[in-house]
Structures are given as C-alpha cells and as structure tokens.
A.B. asks: 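Could you have a look at this structure, given as structure tokens, before my questions?
We count ligands from 1, going down the list as the structure has it; atoms in each ligand are counted the same way.
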Amino acid sequence: MSHSSADEGVTVVQATCPHDCPDTCAMQVSVQGGRVIRIAGDPEHPPTHGALCTKVSRYAERTYHAERVLTPLKRIGQKGEGRFAPVGWDEALDDIARRLKAIAARDPHSAQAILPYSYAGTMGLVQGEGMAARFFHKLGASLLDRTICSNAGGEALAATYGGKVGMHLEFFAESRLILIWGSNPITSSVHFWNIAQQAKRAGAKLVCIDPRRSETAEKCHQHIALLPGTDGALALALMHELIANDRLDHDYIERHVEGFAKLRERALAWPAARAAAVCGIDEGVIRELAREYGSTRPAAIRLNYGMQRVHGGGNAVRLVALLPCLTGAWRHRAGGLLLSSSGWFGQARRNAWLQRPDLLAGRTPRTVNMVTIGDDLLRESSPEFGPRIEAVVVYNSNPVAVAPESAKVAGGFAREDLFTVVLEHFLTDTADHADYVLPATTQLEHWDAHTTYGHVYAMLNRPAIAPLGQARSNAEVFRQLAARMGFTEPCLADSDETMALGAFDPDRVRLEEVKRKGWSRLAIADAPFAAGAFPTASGKAVVDAPGLGVPDFVPNYESVQSAPALAARYPLAMISPPARHFLNSSFVNVPSLRAMVGEPVLEMDAGDAAARGIADGDLVRIFNDRGSTLARAEVAAAGDGSGGGNGAGRARPGVVNGLGVWWRKFGRDGTNVNQLTHQRLTDIGRAPAFYDCLVQVERVNATGAAAAAA
Ligand SMILES: Nc1nc2c(c(=O)[nH]1)N[C@H]1C(S)=C(S)[C@@H](COP(=O)(O)OP(=O)(O)OC[C@H]3O[C@@H](n4cnc5c(=O)[nH]c(N)nc54)[C@H](O)[C@@H]3O)O[C@H]1N2
Ligand SMILES: Nc1nc2c(c(=O)[nH]1)N[C@H]1C(S)=C(S)[C@@H](COP(=O)(O)OP(=O)(O)OC[C@H]3O[C@@H](n4cnc5c(=O)[nH]c(N)nc54)[C@H](O)[C@@H]3O)O[C@H]1N2
Ligand SMILES: [Mo]
C-alpha cells in the first residue's frame with residue numbers, strides 16, 4: 001500500500017521494521033521529494049499500536065547517516081585498519097567472482113573453504129537467507145549453524161512443546177500474574193512491556209527474574225535477582241513446592257504431559273533451601289513465588305533469551321517451559337508461556353522455495369558454527385574440520401564485535417590469506433577487516449517479507465525510496481555474483497519483489513491482506529494448548545525428550561560454585577545484556593543514540609566496588625585469561641531503592657553488568673565486552689554462553705594503567 005496524504009506531495013509507504021526484536025513493528029514511512037521525512041508506527045497493526053521504539057523512530061537518521069557506505073570499497077591498508085578506496089561495482093564483483101570461482105574449482109569439495117557468515121541485521125526472508133542461501137547452496141559453500149542468539153532456548157522449547165510456539169502477545173493484558181523471566185522488555189521488546197502494563201493497571205502482579213535490576217525489574221512489583229545461570233535450579237524448586245503443596249492440575253498433567261513421574265522425582269530432589277543456595281536468593285522468596293504461581297489464574301511467563309546464554313541454558317528453558325504444564329495455566333488464553341512464536345509460521349513461510357536447499361544437489365558441505373568463528377578462522381585443514389577457511393562473505397552481521405572471544409575473532413579476520421567480503425551499511429569492526437566492502441540498501445530501500453518471533457503476523461516491506469548512492473540489496477549482489485559465476489538456474493535471477501511476494505504460502509497466509517495492509521494475522525487458536533495438542537509426536541508436552549533425557553540443573557562453566565579455582569582469580573560473574581538504545585551492535589554509530597548510552601559502562605555493587613577501591617565514575621579494567629576491556633564503573637548499593645538512572649543499584653553482589661554491544665573502535669582501548677567471553681557451547685543447541693563468564697575488575701587511571709588501591 002502506498003498512498004498520497006493530505007500533505008502536499010507526501011507519500012506514505014507501508015513497511016516493516018527489519019530488526020532482530022520480537023516486536024517486528026509495522027512502519028509507515030512518509031516520503032517527500034524522494035526523501036524520507038518521517039517514520040511512524042502503524043496505528044492499525046495491533047502489536048505495533050502506533051508506536052516505534054526510540055531507535056527505530058531514528059531509522060531515517062541511520063539511513064541518511066553521513067558515514068553510510070555508498071560505493072563499493074577495496075582495501076588499500078592492512079587488514080583491520082579500515083583504509084579503502086572506492087571501486088566500481090563491475091570491478092568489485094568480477095574480482096570477487098574470480099576469487100570464489102578459483103577456490104571452488106580446485107576439487108569437488110573445495111567450495112567448502114568458502115563460508116557465508118550472517119545473522120539477523122535484517123530479519124527479512126529475502127535480504128536474509130533468501131537469495132544468499134540459493135547462491136551458497138548452488139556454490140556448495142560451507143553451511144553456517146546460525147546459533148548465536150536463540151538456539152539453546154529454541155531447541156529446548158521444541159523438545160518440550162514440539163516447536164517454537166507459545167502464548168499470544170496480546171493476551172498477556174488479561175493475565176493476573178506475569179513472570180518476566182530473563183527478559184528486559186523496556187529495552188528489548190517495548191511493545192510487550194506496554195501490554196504488561198495494561199495487565200498491571202488491571203491489577204496483575206509483575207515479577208521480574210533477572211540478576212540485573214534492569215529498567216524493567218525496577219518497575220515490577222517484585223524483582224528476584226538470582227545468580228546468572230541458576231534459573232534451572234529455581235524452576236526445579238518451584239516444581240518441588242508445587243508438588244509438595246499439591247498446587248498441580250492433575251487432570252491437565254494426566255492428559256497432556258508425557259513423563260511427569262520422572263520430572264516429579266527430579267523436582268523432589270530440589271527443596272527450596274537447596275535452590276536458594278545455588279541461586280543466591282532467600283528460600284522464602286522461592287516458596288512465596290511458588291504459592292503465587294500455583295494459586296493465581298491466569299498466570300503467564302514471558303521468558304526471553306537472556307536466561308539461556310549460559311552452559312545450562314537449554315535445560316533451564318525446558319524446566320521453565322514445563323511449569324505452566326504442571327499448573328494447567330495453558331487452559332486460559334492469558335496463561336502459559338511465550339519465549340518465541342516463530343514456530344507458528346511453520347509451513348506459512350515457504351522456506352524451501354526461498355532458500356532452495358535442493359541446489360546442493362546431493363552434496364553435504366560441512367557446517368561451521370558461527371559461535372566458534374574465532375577458533376575456526378584460525379584452524380588449519382584437518383580431517384575433522386575439513387579445509388581451512390579461505391574466504392568469508394559477511395552480510396547482516398558484525399562478528400568482530402558480537403561473536404565471543406573477540407581477540408580470536410579479530411585475529412582470524414586479520415589473516416592476510418583470508419579473502420573477506422562484507423555487505424554493509426557502515427564501516428563496522430568487521431567491515432574494517434574486509435578486502436571488499438559492498439554498500440547495502442537499508443529496509444527503506446528494498447523489498448522484503450517478514451515473519452516474527454514475538455507475534456503471529458506475516459508482514460511485507462515495500463521500498464520507500466530509491467537506493468542511496470550505489471547501494472544494492474543483498475539479493476541483488478548475490479544475483480549478480482551468481483551470473484558472474486556462470487550459474488544458470490532461473491531462481492538465481494528472481495527479483496526481490498518476486499521473492500517478497502512469494503515468501504508466504506497462499507493457502508496459509510491471506511496474501512491479499514498482506515499486500516493491502518502490509519500485514520495479516522495467522523489463524524491460530526486463542527488458547528492453543530488449552531486441551532493439550534502440542535505439536536509433539538504424542539500431542540503432549542514432553543519431559544523425557546529423545547537424546548536429552550529428563551531436564552536437570554546444569555551449572556555454569558564459570559561460577560564461584562562450579563569453578564572455585566578459577567573464581568579464586570576471577571571472582572565476579574559478568575553478564576553483558578543489551579544497552580537500551582543499541583540493538584546488538586547496530587545503532588552504536590548513530591550519534592544521538594550513542595550520546596544517550598554515553599560510554600561503555602560496568603555496573604557494580606557498592607560492596608564489590610569498595611573491596612577493590614573503586615568509586616562511582618572510576619575507570620576500570622575488566623579482565624580474565626582471555627583478555628581485558630575498559631569501562632566506566634557505575635557503582636551503587638544493590639536495591640538502594642533510588643530507582644534511578646546511572647545504574648543505581650543495578651548490579652547484585654558478585655555480579656557485574658557490562659552493557660553491550662559496543663563497536664570495538666568506539667571502546668576506550670579498541671575492545672568491547674566480548675574480549676572476555678568464551679566460545680564454549682550451551683548444553684542444547686550449540687549456542688554461545690555469553691553470560692557464563694568470570695572476571696576480575698580493577699581501578700585504572702586515564703591511561704589504562706592499574707591505579708593504586710584507594
Ligand atoms: N534495545 C534493544 N532491543 C533488543 C536487542 C538489543 O540489543 N537492544 N536485542 C534483540 C535481540 S537480538 C534479542 S535475542 C531479543 C531478546 O534479547 P535478550 O538478550 O533476551 O534481551 P533482554 O530482553 O534484554 O533480556 C536479557 C535479560 O536477561 C538477563 N539475564 C542475563 N543472564 C541471566 C540469567 O542467567 N538468568 C536470568 N533470569 N536472566 C538473565 C539480563 O540481565 C537482561 O536483563 O531482544 C531484541 N531486542
Ligand atoms: N557479549 C554479548 N554479545 C552478544 C550479545 C549479548 O547480549 N552480549 N547478544 C548476541 C545476540 S542475542 C545476537 S542476535 C548477536 C547479533 O549479532 P548480529 O546479527 O551481528 O547483529 P548486529 O550487531 O546488530 O549486526 C548486524 C549488522 O547487519 C547490518 N545490516 C542490517 N541490515 C542489513 C542489510 O539489509 N544488508 C546488509 N548487508 N547488512 C545489514 C547492520 O548494519 C549491522 O552492522 O549478537 C550476540 N552477541
Ligand atoms: Mo539475539
């Protein structure tokens with residue numbers, strides 16, 4: 001839909017926010033004289049409800065940013081230096097195709113030395129894994145395991161419910177008790193927060209379960225500040241209490257839960273006192289939470305991925321996901337749990353057509369996990385690993401900033417013998433390491449189609465303006481490369497518009513409505529699991545999952561309790577959740593947003609700071625065996641009730657919060673928090689354990705040298 005409004009010459013174009021966020025807003029983009037003058041939330045689209053977040057209302061500022069890359073660039077400096085000269089598209093694409101062809105032509109498996117690296121810079125089905133997937137499948141490049149965000153929780157949820165499915169966003173408004181668990185929606189899902197507030201105004205109690213006293217935690221009725229990575233123990237103790245006090249829905253369990261007896265046995269080993277010691281909270285808090293959760297109808301859980309970025313993240317999600325099955329909370333549409341809704345799109349999204357895995361034509365390239373890109377770029381050829389990685393094509397991601405253990409990631413991308421192509425809007429830390437940077441269009445300049453992980457609307461994005469400068473969409477770049485590689489499959493020539501309009505199955509999505517309004521709701525029952533019918537083999541929620549067994553508490557790799565020898569040197573647990581006005585590493589270079597965030601900060605409890613001679617505002621060095629980074633300490637007593645900014649009371653004793661994810665080059669010493677994180681994987685889903693990380697902190701002077709203790 002695109003119509004002229006009353007204002008002279010202003011056209012309003014229906015669009016979709018492309019960002020990695022559960023809200024996936026419908027946007028209305030006002031264009032005058034070929035230029036975007038305003039971006040607003042669609043008032044008709046229920047999840048968006050007419051409002052955009054601070055970041056995306058500034059999407060025009062990002063799009064027209066003076067530092068947008070608007071021509072192809074070729075490296076003229078050292079790797080990582082970020083010195084480039086403009087080149088023509090033909091010269092760049094000819095050279096890239098020649099280099100990739102040379103690698104692929106060596107032998108039948110050599111194309112695996114080429115690795116695509118991408119994530120969710122745009123969540124679009126066309127500009128994400130659309131034409132790019134077709135291209136790399138045809139090429140026979142290594143496959144990428146896209147695990148960096150949600151795979152522990154995603155696979156855990158699928159093992160329990162049969163898919164990434166859950167409650168509807170809007171019905172949280174009718175809940176009487178909402179547990180906001182491992183989630184900071186004021187930062188990361190503001191439209192959910194609006195709905196939680198509706199519930200609050202109607203009398204619901206909000207409880208936040210989060211080591212950090214986040215922007216959200218301070219606005220809930222109760223904040224339970226457990227130690228990072230101990231959610232599984234808390235969930236087991238809640239079950240213990242529900243069982244001991246018989247607050248179970250026996251009928252629901254009988255009919256709709258498979259394997260309850262084994263879960264019961266496990267939970268009975270977790271009395272509240274045991275979990276309280278593991279979680280670092282009061283036993284009474286657990287008992288009271290269980291009483292409220294077991295006696296309030298309807299009760300809902302908004303789980304988010306923040307709690308699964310630890311060794312035991314998968315098991316913890318399985319345990320939390322079983323709670324509403326024990327109380328029968330699913331019987332009501334305002335009860336149950338939401339971690340992700342993306343599974344509802346199942347067949348509605350034409351994945352096989354969009355990505356064409358059939359173009360592999362029987363080849364089975366190796367899979368590289370994006371989490372271990374640091375190690376993998378530095379690996380030699382071997383029978384286990386396969387060929388050394390010789391070329392990387394990065395799009396929709398900034399691995400040098402966001403992947404764990406950055407020293408290795410940056411070291412890998414600095415390899416002189418690695419051929420690196422980065423499709424980007426900006427010269428990010430990753431683009432600085434490229435041989436070629438190719439200018440990408442933004443969401444305002446290209447077609448796309450979107451599914452979501454926070455609601456159930458299929459969405460369309462129409463281009464509002466022509467590409468700026470010489471920018472080209474990701475899909476266009478891969479079409480052009482395909483042609484130069486001599487690939488002749490007709491699908492490698494499909495236009496962006498054809499792909500966007502073909503992304504949904506017309507039998508499952510009302511395409512006419514998508515085209516007219518920009519969005520259309522999938523037909524899914526209001527209370528999908530009121531009578532079981534989980535999308536598992538048996539239709540029941542699963543306790544004892546094949547290959548995974550009965551879920552249990554899995555301790556962190558790194559914590560005072562699980563790794564005492566390491567903790568003797570690095571006694572503080574560091575988590576690195578998102579800063580409010582950044583989106584992962586996106587928007588860090590938007591001046592107005594960076595001004596709001598200020599500088600890299602480390603939130604510290606007053607006691608932990610005093611023990612190190614650190615005062616509020618001091619410069620500190622955070623370090624462990626993997627590296628170090630500098631930040632400004634924000635120190636306040638835990639729960640001092642000031643409720644205010646400047647991180648007052650945000651950190652609990654024993655835990656420091658290093659807010660992410662800064663571009664390294666905007667950091668004080670050219671690093672960010674991922675200098676400290678490790679590449680070990682979660683129990684389920686081969687995902688990163690960013691928030692499972694021990695560190696030490698010391699005060700430093702302005703040059704970064706250790707300062708004498710006060
Ligand atoms: N503004 C903004 N919005 C975003 C993002 C962003 O970077 N900025 N990121 C987007 C992305 S990529 C995602 S995946 C989504 C969801 O992104 P998430 O990373 O789930 O983000 P949050 O909702 O901030 O939830 C993280 C919360 O979990 C807490 N936490 C950390 N460790 C633990 C733990 O062990 N247990 C518990 N219970 N809590 C823990 C953190 O303190 C934090 O408050 O948000 C998206 N939205
Ligand atoms: N320490 C720590 N590390 C983290 C996290 C954390 O909480 N703590 N969060 C993790 C999580 S949840 C995630 S999801 C990952 C996210 O990691 P990434 O998916 O890499 O996300 P971004 O850092 O936002 O980088 C996306 C890049 O894509 C580019 N981009 C956007 N749209 C387009 C487009 O249309 N075309 C092209 N070519 N490029 C485009 C943007 O300019 C941006 O530079 O980071 C993870 N890293
Ligand atoms: Mo994410």
Side-chain angles (χ1 to χ4, degrees), residues 18-23 53-55 62 117-124 127-128 146 148-150 153 180-190 192 208-217 224-231 234 303-310 312-313 316 320 370 394-399 401-404 406 422-426 428-431 438-443 445-446 448 453-454 471 473-474 477 556 573-589 650 655 657-661 663 672-674 676-677 688 690-693:
H19 286 296
D20 187 351
C21 168
D23 296 6
C53 67
T54 312
K55 304 176 294 299
R62 187 178 183 279
Y117 196 98
S118 67
Y119 200 62
T122 169
M123 301 269 293
Q127 312 302 347
R146 292 185 172 79
I148 201 154
C149 170
S150 60
I180 300 179
W181 197 325
S183 172
N184 179 13
I186 291 183
T187 282
S188 66
S189 177
V190 73
F192 167 77
C208 186
I209 302 173
D210 191 318
R212 176 174 184 246
R213 191 160 139 275
S214 66
E215 294 81 349
T216 303
I224 300 176
L226 78 185
L227 288 166
T230 62
D231 303 85
L234 175 59
L303 193 62
N304 213 334
Y305 291 114
M307 52 76 75
Q308 46 98 69
R309 299 193 176 109
V310 292
V320 176
M370 67 189 302
V394 181
Y395 52 101
N396 306 336
S397 186
N398 184 10
V402 305
S406 328
V422 178
L423 286 62
E424 251 300 348
H425 301 146
F426 297 105
T428 60
D429 293 325
T430 306
L438 302 178
T441 46
T442 69
Q443 190 79 343
E445 301 150 65
H446 57 224
D448 221 323
Y453 60 98
S473 73
N474 294 344
V477 170
N556 274 8
M574 185 189 77
I575 57 172
S576 48
R580 181 164 179 187
H581 298 299
F582 298 158
L583 197 131
N584 299 318
S585 79
S586 295
F587 296 98
V588 178
N589 63 326
R650 294 215 188 279
V655 181
N657 313 320
L659 303 191
V661 179
W663 284 16
N672 69 18
V673 284
N674 279 323
L676 303 160
T677 53
F690 288 115
Y691 303 168
D692 179 338
C693 177

A.B. asks: Quick one: look at Asn184 and ligand 1, take heavy-atom pairs under 4.0 Å, and tell me if it's side chain, backbone, both or neither.
C.D. replies: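 Both of them.
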
A.B. asks: What do you reckon, does Lys55 have a nitrogen or oxygen under 3.5 Å from a nitrogen or oxygen of ligand 1?
C.D. replies: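 Yes - when backbone and side-chain N and O of Lys55 are compared with those of ligand 1, one distance drops under 3.5 Å.
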
A.B. asks: For atom 32 (N) of ligand 2, which protein heavy atom lies nearest, and how many Å away is it?
C.D. replies: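 The answer is His425 CE1, 3.2 Å.
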
A.B. asks: Would you mind listing which atoms of ligand 1 come within a distance below 4.0 Å of any non-hydrogen atom of Cys149?
C.D. replies: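 By the 4.0 Å cutoff, the relevant atoms are 14 (S).
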
A.B. asks: Can Met307 and Ile209 be said to form a side-chain contact (heavy atoms from CB on, under 4.5 Å), step by step?
C.D. replies: CA-CA 9 Å; Met307 52 76 75; Ile209 302 173; over 6 Å; no

A.B. asks: Relative to the heavy atoms of Arg212, which atoms of ligand 1 are at a distance of less than 4.0 Å?
C.D. replies: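 The atoms of ligand 1 under 4.0 Å from a heavy atom of Arg212 are 42 (O).
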
A.B. asks: Could you please spell out the steps behind the side-chain hydrogen bond (donor to acceptor under 3.5 Å, both in side chains) verdict for Asn184 and Asp210?
C.D. replies: CA-CA 8 Å; Asn184 179 13; Asp210 191 318; over 6 Å; no

A.B. asks: Can you tell which part of His581 has a heavy atom less than 4.0 Å from ligand 1: side chain, backbone, both or neither?
C.D. replies: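 Looking at His581 and ligand 1, no heavy atom falls under 4.0 Å.
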
A.B. asks: Where's the contact between Arg309 and ligand 1, heavy-atom distance under 4.0 Å: side chain, backbone, both or neither?
C.D. replies: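 It is the side chain that gets close, since no backbone atom is under 4.0 Å.
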
A.B. asks: Just jot down the ligand 1 atoms closer than 4.0 angstrom to any heavy atom of Trp181, in number order.
C.D. replies: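 Those qualifying, in numeric order: 38 (N).
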
A.B. asks: Does ligand 2 have an atom that lies less than 4.0 angstrom from a heavy atom of His446?
C.D. replies: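 Yes; His446 lies near enough to ligand 2 that a heavy-atom distance drops under 4.0 Å.
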
A.B. asks: Run His446 and Ser473 through side-chain hydrogen bond (donor to acceptor under 3.5 Å, both in side chains) and show every step you take.
C.D. replies: CA-CA 6 Å; His446 57 224; Ser473 73; 5.6 Å; no

A.B. asks: Could you check which of Ser585, Gly658, Gly121 puts a non-hydrogen atom nearest to atom 23 (O) of ligand 2?
C.D. replies: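 It is Ser585 that holds the nearest heavy atom.
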
A.B. asks: Quick one: does ligand 1 sit under 4.0 Å from the side chain of Ile575, the backbone, both or neither, non-hydrogen atoms only?
C.D. replies: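 It is the side chain that touches ligand 1; the backbone stays farther off.
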
A.B. asks: Heavy-atom contact check, 4.0 Å cutoff: does Tyr453 meet ligand 1?
C.D. replies: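 Tyr453 counts as a contact of ligand 1 under the 4.0 Å cut-off.
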
A.B. asks: Are any of the heavy atoms in Ala120 under 4.0 Å away from ligand 2?
C.D. replies: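 A heavy atom of Ala120 does come that close to ligand 2.
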
A.B. asks: Does some non-hydrogen atom of Ser150 fall short of 4.0 Å from ligand 1?
C.D. replies: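 In this structure, Ser150 fails to qualify as a contact of ligand 1 - no heavy atom is under 4.0 Å.
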
A.B. asks: Show the numbers, then the answer: is there a side-chain contact (heavy atoms from CB on, under 4.5 Å) between Asp231 and Leu226?
C.D. replies: CA-CA 8 Å; Asp231 303 85; Leu226 78 185; 3.6 Å; yes

A.B. asks: For Arg62, is the nearest heavy atom under 4.0 Å from an atom of ligand 2?
C.D. replies: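 Judged by the 4.0 Å heavy-atom criterion, Arg62 does count as contacting ligand 2.
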
A.B. asks: Which option wins on minimum heavy-atom distance to atom 1 (N) of ligand 2: Thr441, Leu659, Asn674?
C.D. replies: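 Looking at heavy atoms only, the winner is Asn674.
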
A.B. asks: In terms of residue, atom name and distance, what is the protein heavy atom nearest to atom 44 (O) of ligand 2?
C.D. replies: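 Ranked first by proximity to atom 44 (O) of ligand 2 is Glu424 OE2, 2.5 Å.
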
A.B. asks: Taking only heavy atoms of Arg580, which atoms of ligand 1 are found under 4.0 Å from at least one of them?
C.D. replies: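 Answer, ordered by atom number: 1 (N).
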
A.B. asks: So which protein heavy atom does atom 15 (C) of ligand 2 come closest to, and at what separation?
C.D. replies: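 Atom 15 (C) of ligand 2 sits closest to the protein heavy atom Ile148 CG2, 3.9 Å.
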
A.B. asks: Between Gly182, Pro577, Ser188, flag the one that comes closest to atom 25 (O) of ligand 1 by a heavy atom.
C.D. replies: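 When every heavy atom of Gly182, Pro577, Ser188 is considered, Gly182 comes closest to atom 25 (O) of ligand 1.
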
A.B. asks: Quick test: of every protein heavy atom, which one is nearest to atom 34 (C) of ligand 2, and how far off is it to 0.1 Å?
C.D. replies: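 Ranking protein heavy atoms by distance from atom 34 (C) of ligand 2, first comes Asn396 OD1, 3.3 Å.
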
A.B. asks: Number the atoms of ligand 1 from 1 as they appear, then name those within less than 4.0 Å of a heavy atom of Asp231, with their elements.
C.D. replies: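 Answer, ordered by atom number: 34 (C), 35 (O), 36 (N), 37 (C), 38 (N).
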
A.B. asks: Assess whether side-chain hydrogen bond (donor to acceptor under 3.5 Å, both in side chains) is satisfied between Asn556 and Tyr691, documenting all intermediate values.
C.D. replies: CA-CA 9 Å; Asn556 274 8; Tyr691 303 168; over 6 Å; no

A.B. asks: Nearest to atom 29 (C) of ligand 1 by heavy atom, Val661, Thr187, Asp210: which?
C.D. replies: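 Closest candidate by heavy-atom distance is Asp210.
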
A.B. asks: Return the option from Ser397, Ala579, Cys693 holding the heavy atom at the smallest distance from atom 18 (P) of ligand 2.
C.D. replies: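 Shortest heavy-atom distance from atom 18 (P) of ligand 2: Ser397.
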
A.B. asks: Under 3.5 Å between some N or O of ligand 2 and some N or O of Tyr119?
C.D. replies: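 In fact, backbone or side chain, Tyr119 has no N or O that close.
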
A.B. asks: Kindly identify the option in Tyr691, Tyr117, Phe690 whose heavy atom sits closest to atom 7 (O) of ligand 2.
C.D. replies: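 It is Tyr691 whose heavy atom sits nearest to atom 7 (O) of ligand 2.
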
A.B. asks: Could you walk me through whether Asn398 and Thr430 pass the side-chain hydrogen bond (donor to acceptor under 3.5 Å, both in side chains) check?
C.D. replies: CA-CA 5 Å; Asn398 184 10; Thr430 306; 2.6 Å; yes

A.B. asks: Any heavy atom of Asn672 closer to ligand 2 than 4.0 angstrom?
C.D. replies: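 So Asn672 does not count as touching ligand 2.
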
A.B. asks: Using side-chain contact (heavy atoms from CB on, under 4.5 Å), reason through Trp181 and Leu234 one step at a time and then give a plain yes or no.
C.D. replies: CA-CA 11 Å; Trp181 197 325; Leu234 175 59; 3.8 Å; yes

